[in-house]
Amino acid sequence: MMMRTIDWHADGVRMIDQRLLPNRFETPVYHDYRDVARAITDMVVRGAPAIGAAAAFGLALAGRQSQANDRAQLMRDLEEAAAVLRQARPTAVNLSWALDRLMRVAIRADLETADDVRAALMAEAQQLADEDVALNRRMGFNGAALVEDGDTILHHCNTGALAAVDWGTALGVVFAAHEQGKRVHVLVDETRPRLQGARLTAWELKQRGISFDLIADNAAGHFMRTGQVRLCLVGADRIAANGDVANKIGTYTLGVVARENGVPFYSVAPTSTVDLSLAHGDLIPIEERNPNEVLNLQFEGERVAPEGITARNPAFDVTPHRYVTAIVTENGIVRPPFLKNLARAVNGSLTAESR
Ligand code: MRU
């Protein structure tokens with residue numbers, strides 16, 4: 001893309017405002033970590049790896065905002081800021097993964113002064129962002145081995161450059177296959193209610209000149225049953241130790257229909273999205289967002305739903321691991337049994353036979 005989804009710029013955290021795409025391209029810069037937390041909650045920035053990088057830069061910013069002269073006071077300010085950032089969104093584990101990584105830097109014994117800590121936090125946030133780009137590319141090319149020339153791929157939500165610092169996860173596999181010269185076609189789920197597919201994935205694929213059709217979410221089953229989908233590629237916001245995958249609402253339905261129709265179903269996610277502390281997917285917190293995201297849909301210029309009704313708006317669901325063919329990570333393709341092989345992927349010891 002022309003710039004990273006999130007970076008450090010002009011003494012602040014700069015993000016592409018994803019709420020405005022594809023109609024407007026704006027890049028606000030935030031100078032207060034509380035505003036960074038709000039931007040995550042309001043989905044200025046969204047997508048699991050992007051949220052992680054936003055939290056990292058947010059905490060580095062909090063370090064610079066703190067007036068503390070000594071390390072102990074700075075530590076207290078950082079803990080307060082980390083708590084605010086941590087609650088910005090509950091499902092994507094990349095958020096707390098990134099904060100924990102920076103807090104480990106903050107307590108490093110070799111740092112003497114508060115300013116040393118501030119500098120180290122900024123360097124770590126920058127490194128986390130750079131690593132995100134590099135490992136996403138690696139993951140994309142790992143996954144491209146699953147894609148053949150002429151494939152039609154079903155995709156949900158947005159998992160491209162906008163969902164990470166750059167490049168992306170599941171859509172990164174599509175980009176890699178395309179770069180390898182494979183002719184691919186993508187069926188892009190609109191992804192109600194926030195339409196990340198229609199707004200963001202369609203925008204990214206169009207920019208790259210990759211063939212695609214936008215489809216209503218409820219058309220996905222039809223395309224699978226009639227043999228028009230060779231594989232499904234989705235991302236993940238948190239993967240439990242047993243391979244259960246939490247991802248954008250609607251992913252579970254796709255997984256079940258894919259299994260019913262013999263369509264391989266792959267989740268593409270960096271190991272920072274794997275939460276080995278949770279035994280299974282029912283333990284993953286599922287964000288329930290404001291019902292107005294569902295109720296305020298407009299059709300032909302007018303509100304669709306009657307006034308005065310209620311709605312439910314879970315933002316994620318869990319696809320049990322039995323529906324997941326494999327999980328593509330930066331360390332290789334993880335196949336069942338996930339309990340054993342995911343742990344190997346996380347600690348970097350995935351063997352050829354478990355791939
Ligand atoms: O609510 P969002 O837009 O943050 O949800 C994003 C997704 O569900 C993605 O599929 C997920 O973060 C993985 S892709 C990087």
Side-chain angles (χ1 to χ4, degrees), residues 1-10 12-58 61 84-85 87-92 94-95 98 129 132 155-171 188-207 214 216-217 235 237 247-250 287-299 301-305 311 313-316:
M1 215 157 38
M2 64 278 274
M3 64 174 277
R4 288 183 172 189
T5 300
I6 173 152
D7 63 6
W8 183 257
H9 178 81
V13 184
R14 179 171 67 172
M15 303 174 195
I16 297 174
D17 189 338
Q18 302 191 31
R19 299 168 307 177
L20 309 178
L21 287 170
N23 298 322
R24 273 180 293 150
F25 187 87
E26 289 182 17
T27 57
V29 180
Y30 297 92
H31 297 281
D32 187 322
Y33 76 85
R34 295 174 203 88
D35 294 332
V36 173
R38 230 180 324 265
I40 296 171
T41 304
D42 294 347
M43 297 175 69
V44 171
V45 66
R46 34 66 51 202
I51 290 171
F57 280 120
L61 173 63
V84 170
L85 288 160
Q87 53 69 49
R89 286 193 82 188
T91 303
N94 304 63
L95 176 67
D132 185 71
H155 178 270
H156 196 58
C157 196
N158 170 267
T159 66
L162 290 166
V165 177
D166 204 347
W167 193 259
T169 60
L171 214 54
V188 175
D189 272 355
E190 283 181 316
T191 318
R192 281 277 289 143
R194 292 194 61 109
L195 299 165
Q196 289 94 330
R199 295 188 303 106
L200 309 175
T201 300
W203 185 72
E204 288 196 43
L205 288 170
K206 183 169 178 239
Q207 274 191 339
L214 183 63
D217 296 329
D237 284 80
N247 190 50
K248 178 53 53 199
I249 192 75
E287 175 182 17
E288 184 127 4
R289 294 185 62 85
N290 191 325
N292 285 336
E293 293 183 348
V294 175
L295 291 170
N296 290 348
L297 177 74
Q298 302 239 330
F299 183 67
E302 286 190 77
R303 180 186 155 113
V304 172
N313 187 18
F316 301 96

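Note that these values count all heavy atoms, side chains included, but never hydrogens, waters or copies made by symmetry. Not measured: the values here are computed from a predicted model.
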Using the side chain to side chain contact (heavy atoms under 4.5 Å, CB included) rule, take Val294 and Arg289 through it: C-alpha gap first, then chi angles, then the decisive distance, then the call. CA-CA 9 Å; Val294 175; Arg289 294 185 62 85; over 6 Å; no
Spell out, as yes or no, whether a donor-acceptor pair under 3.5 Å connects the side chain of [X] to the backbone of [Y].
X      : Y      : answer
Asp132 : Ala53  : no
Glu204 : Leu162 : yes
Asp189 : Thr191 : no
Asp166 : Ala161 : no
Asp32  : Arg34  : yes
Gln87  : Val84  : yes
Thr201 : Cys157 : yes
Thr159 : Gly168 : no

Where is the tightest heavy-atom contact between [X] and [Y], given as atom of each residue plus distance?
X      : Y      : answer
Ala163 : Pro49  : O-CD, 3.2 Å
Leu85  : Gly58  : CD1-C, 3.8 Å
Arg194 : Asp42  : NH2-O, 3.8 Å
Phe316 : Lys248 : CD2-N, 3.7 Å
Ile6   : Met15  : CD1-CG, 4.0 Å
Pro90  : Glu287 : CG-CB, 3.5 Å

Point-to-point distance, once rounded to the nearest 0.5 Å, from [atom1] of [X] to [atom2] of [Y]:
X      : Y      : atom1 : atom2 : result
Leu95  : Asp237 : CG    : CG    : 11.0 Å
Glu26  : Asp17  : CD    : CG    : 6.5 Å
Leu214 : Leu195 : CG    : CG    : 9.0 Å

Decide yes or no for [X] and [Y]: does some side-chain heavy atom of the first lie under 4.5 Å from some side-chain heavy atom of the second?
X      : Y      : value
Ile51  : Asn94  : no
Ile249 : Arg192 : no
Asp35  : Val13  : no
Arg14  : Met3   : yes
Gln196 : Gln18  : no
Val165 : Thr5   : no
Arg46  : Arg19  : no

Any side-chain donor near an acceptor of the partner, Asn158 and Arg199, under 3.5 Å: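 Side-chain D/A pair, Asn158 to Arg199: absent.
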